[in-house]
Amino acid sequence: GDNGVTWTDFDITDQSGYPNLQNSGNPEITTFNISSVAGGQSSVLVQFYYNDNDIWAWYWAIDDVRITELPNNSLVMFDAVHGGWWESYQTYGGSGYNYSYKPLSQMSNNPYAFESVIKNNGINPQNTQLDVIVTNSSFQPISIYNSNNILLSATAQDTFVCNQTFLPIDTGSYNFLMQGISDSAVTSIDTLSSVVTNNLYGRDDNVPDGAWRVGRTCGSMVLGVSYDIYSNDDLYNIQVHIDNSSVIGTHIYAQLYEIDPLGDPIYMAQSDDYTIYSSDLGNWKTISFNQPISLYGGISYLAAVGGYA
């Protein structure tokens, strides 16, 4: 180069940010193709410049910077989903969540929809598609799905959606082996899974991920998780995981809200109080409502648990 006399800008973000203001993931891993400037040069200077767009005290923390030579053929896949998060939610409604437990009653109007983002991480263009193999719990293949082909230029990425959805007719565990394939490269396989149930609806893989206090001296709280309903059904109870740090003798309760897209959640029902026992610590507890609550297709609800100050 010319030892820093001339600089070429590569915009990492703009006034729209990632995508809100200047927020990013933690970490935010980003790749830029600088071949047009750095290719064939004996030395290259790199500098990072940050403008907070008048957002006071915002900053960047940059680490682990690498300059590497791109391979001729390489694909990477990320953000694979079976709930239609990227595009299919526009067809079936709701938010496109990956439900780890999904009742048959909700399946007909919201089948499994396979999507992912695939990136050409190499130099050569890649004619790419998404392939998905659906298996049973023993990993015996049941069916195969694929997307349309998309030609990805060097470092380009796109969202791939399988042309058909998977509609199971029986309860049981299913695995989804998802992979990006091109004429010259393949991605690693992402294995997702979901259980089709008679009546259990869940987003948590039956594994608690952290905990928070719903009752403390400074005030009570209500914590909830949203669920999309695709066919009319009845709700009988809510399961909640009781963290080991919970205080024995504390009273908690289950609540249900209807989600209002234009405002605050709308209160619908509350269970009787439940008292936490020592045997509950570290376990799931079912809190029942006094009577079944009617749920309606096309509506999203907030399944919640609350406590007292």
Side-chain angles (χ1 to χ4, degrees), residues 20 23 81-86 88-113 194-216 218-243 245-246 250-276 280 283-309:
N20 302 311
N23 294 325
V81 299
H82 58 68
W85 172 267
W86 293 110
S88 298
Y89 75 92
Q90 300 176 74
T91 299
Y92 298 104
S95 300
Y97 295 130
N98 277 357
Y99 289 101
S100 52
Y101 295 89
K102 198 170 181 179
L104 274 173
S105 62
Q106 302 303 310
M107 196 65 65
S108 59
N109 291 330
N110 183 39
Y112 292 110
S194 182
V195 180
V196 179
T197 70
N198 286 316
N199 48 40
L200 182 62
Y201 208 5
R203 293 176 51 190
D204 49 38
D205 292 317
N206 201 28
V207 178
D209 184 14
W212 196 250
R213 297 159 291 183
V214 295
R216 49 186 176 175
C218 63
S220 60
M221 297 184 68
V222 175
L223 305 179
V225 178
S226 61
Y227 286 85
D228 301 319
I229 300 300
Y230 297 90
S231 301
N232 294 352
D233 214 330
D234 291 323
L235 174 69
Y236 292 86
N237 52 61
I238 292 175
Q239 292 185 351
V240 58
H241 188 268
I242 309 299
D243 189 71
S245 62
S246 300
T250 299
H251 299 294
I252 60 175
Y253 52 84
Q255 283 187 334
L256 183 70
Y257 294 81
E258 178 182 329
I259 294 179
D260 181 357
L262 302 179
D264 293 332
I266 302 170
Y267 171 82
M268 293 183 61
Q270 179 171 321
S271 72
D272 291 336
D273 287 354
Y274 175 79
T275 303
I276 296 177
D280 296 328
N283 295 307
W284 292 90
K285 181 62 188 178
T286 299
I287 304 178
S288 299
F289 294 98
N290 291 326
Q291 59 186 10
I293 303 171
S294 296
L295 308 178
Y296 298 97
I299 303 296
S300 297
Y301 297 88
L302 193 70
V305 59
Y308 300 97

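The two residues R203 and S100 make their nearest non-hydrogen contact at C-OG, 3.5 Å. Between Q255 and F289, the shortest heavy-atom distance links the atoms C-CZ, 4.1 Å. Taking all atoms of both residues into account, the shortest heavy-atom contact from P292 to D234 is CB-CB, 4.3 Å. In this structure, S95 and W85 approach most closely via the heavy-atom pair O-CE3, 3.2 Å.
Atom CG of D260 sits in a crowded spot, with more than 12 heavy atoms from other residues, nucleotides or ligands closer than 6.0 Å. When the shell of 6.0 Å around CD of Q90 is examined, it contains more than 12 heavy atoms from other residues, nucleotides or ligands.
Qualifying ring-ring contact (aromatic ring centres under 6.0 Å, His included) partners for Y296, counting only residues two or more places apart in sequence or in other chains: none. For Y274, there are no ring-ring contact (aromatic ring centres under 6.0 Å, His included) partners at least two apart in sequence or on another chain. Scanning for side chain to side chain contact (heavy atoms under 4.5 Å, CB included) contacts around D272 gives N290, with sequence neighbours left out. Partners of Y230 by ring-ring contact (aromatic ring centres under 6.0 Å, His included), not counting sequence neighbours: none found. In terms of the side chain to side chain contact (heavy atoms under 4.5 Å, CB included) criterion, D264 has no residue partners (sequence neighbours excluded).
For the atom pair CG (N109) and OG1 (T91), the distance works out to 12.5 Å, reported to the nearest 0.5 Å. Atom-to-atom distance recorded for R213:CZ and S220:OG is 13.0 Å, nearest 0.5 angstrom. In this structure, the separation between CE on M268 and OG on S294 is 8.0 Å, given to the nearest 0.5 Å. Between I276 atom CD1 and H251 atom NE2 the span is 10.0 Å, to the nearest 0.5 Å. Distance check: D280 CG to K285 NZ gives 5.5 Å after rounding to the nearest 0.5 Å. The CD1 atom of I259 lies 5.0 Å from the CG atom of L302; values are rounded to the nearest 0.5 Å.
Although no hydrogens or angles enter the test, the distance criterion places a donor-acceptor pair under 3.5 Å between the side chain of Q106 and the main chain of S231. Formation of a donor-acceptor pair under 3.5 Å by the D243 side chain with backbone atoms of S245 is found in this model. T197 contributes no side-chain N or O that, together with a main-chain N or O of Y101, makes up a donor-acceptor pair within less than 3.5 Å.
Two residues are said to be in side-chain contact when any heavy atoms from C-beta on lie closer than 4.5 Å; I238 and I287 fail this criterion. Two residues are said to be in side-chain contact when any heavy atoms from C-beta on lie closer than 4.5 Å; L295 and L256 meet this criterion. Y253 places a side-chain heavy atom less than 4.5 Å from the side chain of V222. Annotation: side chain of L200 is not in contact with side chain of V195 (no heavy-atom distance under 4.5 Å). Taking 4.5 Å as the limit, some side-chain heavy atom of M107 sits within range of a side-chain heavy atom of K102.
Residues in residues 299-309 take part in these side-chain hydrogen bond (donor to acceptor under 3.5 Å, both in side chains) pairs, two or more places apart or across chains: D228-S300, D273-Y308.
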Where do Y112 and V196 land on the side-chain contact (heavy atoms from CB on, under 4.5 Å) test, with the steps shown first?
-> CA-CA 11 Å; Y112 292 110; V196 179; 3.6 Å; yes
Could you check N206 against W284 for side-chain contact (heavy atoms from CB on, under 4.5 Å), going step by step and ending with a plain yes or no?
-> CA-CA 9 Å; N206 201 28; W284 292 90; 3.3 Å; yes
Decide yes or no on side-chain contact (heavy atoms from CB on, under 4.5 Å) for V81 and Y89, but give the supporting numbers first.
-> CA-CA 12 Å; V81 299; Y89 75 92; over 6 Å; no
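Checking S105 against D233 by side-chain atom types alone, a donor-acceptor pair falls below 3.5 Å.
Using cut-offs of 30° and 60° on the angle between ring planes, the pair Y99 and Y227 is parallel.
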